[in-house]
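Notes for the one structure printed next.
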Amino acid sequence: MDLTALKEKIKYQLSPEQESILDRAYEVALKAHEDQMRASGAPYISHPLSVAIILAEDLEMDFETIVSGLLHDVVEDSEMTTAKLSDVFGSNIALLVDGVTKLTRIREKTRTEQQAHNLHKMFLAMAKDIRVVIIKLADRLHNMRTLDSVNTEKQMRIARETLEIYAPLANRLGMYFIKSELEDRALRFLKPQVYKEIQRLVDKKRSVREEFVTEVINTLNTKLSEVDINADIMGRPKHFYSIYKKMIDKSRSFEEIYDLTAVRIIVESVKDCYGALGVVHTMWTPLPGRFKDYIAMPKPNMYQSLHTTVIGLRKEPVEIQIRTLDMHRTAEFGIAAHWKYKEGIDKESAFDNKLAWLRQVMDFQNELRDVEEFVDSLKVDLFSDQVFVFTPKGDVVDLPSGAIPIDFAYRIHTEVGNRCIGAKVNGAIVPLDYELQTGDIVQILTSKSAHGPSRDWLKKVRTSTARTRIRQWFKKEQREDNIEHGMSLLRSEIKKLGYGSKSILQNKEHNFVEEVLDDLNYSSYEDLLANIGYGNQSAESVANRLIDYYREKYEAENVIEKIIEEEQKPVEVSTSGVAIQGIDNALLKLAKCCNPIPGDEVVGYITRGKGVTIHKADCPNIGAKKDEEEERLIDVMWSDEDSINYPVPLQISMSNRPGAIYDILGEISKMEINVSALHSRGGIVYVTLEVKDKDQLTQVMNKINSIKDVDRVRRV
């Protein structure tokens, strides 16, 4: 596969300038990925080329999006920067590429936190340009098509993420063909036995079903021709994941699922849609409750169609969908079918109204400091089944399944929610925890004298919009109480970790609080305390950050010395491994300040009445003496003695993952190295090892450094 394959798939004529840009983009991508291979063994360039082809051939996207698809991994996988991309290809393409580029340097180490940060970044970029997510979906689609090449653990992780995030996102954007393929491919890896069984059952009934559908199509063609309705009629097989969901959600066996194939009627106009519906209902008996008019009331993802289920030929039920060609394009390709850059639609058009849900996401994301909470909110608000209810004026409001009148009230306006005292549904008073159903007409009862929301509402509401607005009210109303409570919680956590809160929070030499405020993006100490008291910020995580800064400032140099002297018995070490001509070994000792070992450059310091102390040549204590007491420094060297072990203190910075210290000790044990002292506090482990020389020390430090969640290993 090369650039020619991509050019052949672009369904519009490229200008000479566009062709030049595309050639240059291919060269940049080729160079960025020249030494990289995919897990399948194919050159890595095949992946961005395939993503660009999906964007060009299947989605017919604009030129900038196709070029960005070709470049989407260059920043992540090479030394190319977003700034350089902007200089060469323009700011729009740079923005799109940056939007799909994963964050590579974030403090959090767990995969869940990394995923949350990357999704958060993508949604921020989506708010600026929705094409970011179209590229990301094309990227994920090709990755799922080639998922056989990676190990089982990675297959499961990527398939689960696809099913939880990307397939629902494609659905929310109306991109049905991507949604369906992502779901089916994810099911194949997550539940391979279920997938194979459904495949077997579908194949078993295929010939009978195809014969039945052909008969239905021929009958419909004849009847529609009689009333002068031109139509393109086709069968649509049900996707495997859709069959699986129906079997699980409705507890049905495969034999009880009758709509394995739907019949789709594509007509020329909206008038013909309703005309065709009349013909269908005249021919066959419609099933009660199975008619849905998504033309008069489109879904939020722009989907429009008429759905009906009838008792058709052979007295078997059959689902029929009726739509225009434009509606069909929208149903398959969603937002990509109406891309405003491609069609020149004005920014203030109805197109932007279709993305109201994205604006709602970005409205409340600014109030959520925890990115994992942000992702959980997405799963509830955007990716759950929807219900469609009406205001008394007839406006449609979409809410997640299970939403209650309080969710509806906050969707209308924050003040409507805060002043809510009751609700009417279809003219009747209902409890505030009543679950709304599609078609309900909802009226919120308010009072100016209302005292605001109840804390119980937080347990009942379904949308994050409502939950965030309720928390915001309590945060504002009870700020002073929250600050006081936050201070109490923070002091308690600092005390639990074995430190005095005054030395941490009111240190006269160094402002540790200011550093943590910068880390967490708070403008004031009061804001931080209020968020802790309100429950929006963990007191434990703040205390750990403060203590990390304190230790870095005051404990790094002397903590090992204290541990050795106060908590452990002195380790007796022979110094016969050091040689000084004319001086007995009894008069030698190793300096505790720098703990030299064979392989280090060393120097001797003559101590009056105590013999010679051996220091590392770069020991700060020796550096301070070189000018004033140079005559007391003598040359020393290590002897060939290799049967001696030397104590070396290490400082290991790591996350507080359970079992991490066990992993560290396991690696040390494998090398048959003795541990003479061990102490941990928060995210820092101090360990004293007995090693033969510097080479052995380097090996064990490298081993420890390779352990998951270990940030840094240093010799103290």
Side-chain angles (χ1 to χ4, degrees), residues 58 145 167 171 175-226 229-267 273 276-292 294 303 305-323 325 327-329 331-332:
D58 296 324
R145 287 174 177 175
N171 180 58
M175 302 171 76
Y176 183 80
F177 100 90
I178 288 183
K179 164 195 175 283
S180 301
E181 185 174 344
L182 289 178
E183 287 177 338
D184 280 1
R185 290 185 180 277
L187 180 65
R188 186 165 75 86
F189 291 102
L190 292 173
K191 296 187 176 293
Q193 296 305 317
V194 171
Y195 183 90
K196 288 176 183 177
E197 180 62 13
I198 292 174
Q199 188 177 44
R200 185 187 68 80
L201 292 169
V202 168
D203 288 343
K204 185 178 177 181
K205 286 190 172 185
R206 188 184 304 278
S207 59
V208 176
R209 194 170 61 252
E210 287 177 351
E211 181 185 333
F212 171 69
V213 170
T214 300
E215 193 176 346
V216 171
I217 290 173
N218 291 337
T219 304
L220 283 170
N221 267 322
T222 301
K223 293 294 183 180
L224 291 174
S225 295
E226 290 175 1
I229 293 178
N230 295 322
D232 183 12
I233 308 175
M234 66 198 79
R236 179 187 67 82
K238 204 171 188 70
H239 289 274
F240 288 3
Y241 184 76
S242 181
I243 295 171
Y244 166 73
K245 283 289 286 179
K246 187 159 286 189
M247 291 170 68
I248 296 299
D249 294 346
K250 300 191 176 181
S251 301
R252 292 181 181 175
S253 68
F254 181 82
E255 287 70 23
E256 293 175 303
I257 300 174
Y258 57 79
D259 55 344
L260 291 174
T261 303
V263 173
R264 186 173 289 148
I265 302 173
I266 311 294
V267 297
C273 288
L277 177 68
V279 171
V280 170
H281 282 181
T282 301
M283 291 168 56
W284 298 310
T285 305
L287 281 177
R290 295 286 297 176
F291 170 67
K292 294 175 183 176
Y294 292 119
Y303 179 89
S305 187
L306 297 176
H307 289 195
T308 186
T309 301
V310 296
I311 303 298
L313 297 172
R314 307 178 191 173
K315 301 299 180 182
E316 290 190 26
V318 58
E319 182 185 1
I320 296 176
Q321 301 172 354
I322 307 169
R323 60 181 69 150
L325 184 58
M327 292 176 190
H328 180 60
R329 282 201 203 98
E332 291 297 301

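When a residue number appears, it is its place in the shown sequence, counting from 1. Computation of the quantities below employed the complete heavy-atom set of this structure, encompassing side-chain atoms and omitting hydrogens, waters and symmetry-equivalent molecules.
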Inset, instruction - Check the pair Y195, L190 against side chain to side chain contact (heavy atoms under 4.5 Å, CB included), reporting the backbone distance first and the verdict last. - result: CA-CA 9 Å; Y195 183 90; L190 292 173; over 6 Å; no
Inset, instruction - Check the pair E181 / R145 against side chain to side chain contact (heavy atoms under 4.5 Å, CB included), numbers first and verdict last. - result: CA-CA 9 Å; E181 185 174 344; R145 287 174 177 175; 2.7 Å; yes
Inset, instruction - Check whether any side-chain heavy atom of L306 lies under 4.5 Å from a side-chain heavy atom of Y294, and answer yes or no. - result: no
Legend entry - Separation of M283 CE from T222 OG1 (nearest 0.5 Å): 8.5 Å
Legend entry - Heavy-atom closest pair, residues D184 and F240: OD1-N, 3.3 Å
Legend entry - Close side-chain approach of I320 and V310, heavy atoms under 4.5 Å: yes
Inset, instruction - Going by the side chain to side chain donor-acceptor pair (under 3.5 Å) test, name the single residue among R290, K292, E319 that passes it with T309. - result: R290
Legend entry - Interatomic distance, N230 atom CG to I266 atom CD1 [nearest 0.5 angstrom]: 13.5 Å
Legend entry - Value rounded to 0.5 Å, distance of NE2 in H307 from CZ in R323: 5.5 Å
Inset, instruction - Would you mind checking if K245 and E183 are paired as a salt bridge, meaning a charged N to carboxylate O distance below 4.0 Å? - result: no
Legend entry - Point-to-point distance, once rounded to the nearest 0.5 Å, from OH of Y303 to CG of N171: 11.0 Å
Inset, instruction - Test side chain to side chain contact (heavy atoms under 4.5 Å, CB included) on L220 and W284 and set out the steps. - result: CA-CA 11 Å; L220 283 170; W284 298 310; 3.8 Å; yes
Inset, instruction - Measure across G235 and I217 and return the closest heavy-atom pair with its distance rounded to 0.1 Å. - result: N-CD1, 3.8 Å
Inset, instruction - Taking all non-hydrogen atoms of both residues into account, name the closest pair between P317 and L287 and its distance. - result: CB-CD1, 4.4 Å
Inset, instruction - Please examine the side chains of V267 and D232, heavy atoms only from C-beta on, and report whether any two atoms are closer than 4.5 Å. - result: no
Legend entry - Nearest-0.5 Å distance, CG of residue L224 to CD1 of residue I322: 8.0 Å
Legend entry - Closest approach of N221 to A231 (non-hydrogen atoms, all atoms of both residues): OD1-O, 4.1 Å
Legend entry - V280 and I265, any side-chain heavy atoms less than 4.5 Å apart: yes
Legend entry - Spatial distance of atom NE2 (H328) from atom OH (Y176) [nearest 0.5 Å]: 11.0 Å
Legend entry - Audit row: Q193, E197, side chain to side chain contact (heavy atoms under 4.5 Å, CB included) steps and yes/no: CA-CA 6 Å; Q193 296 305 317; E197 180 62 13; over 6 Å; no
Legend entry - Heavy-atom check, side chain of S305 versus side chain of M327, under 4.5 Å: no
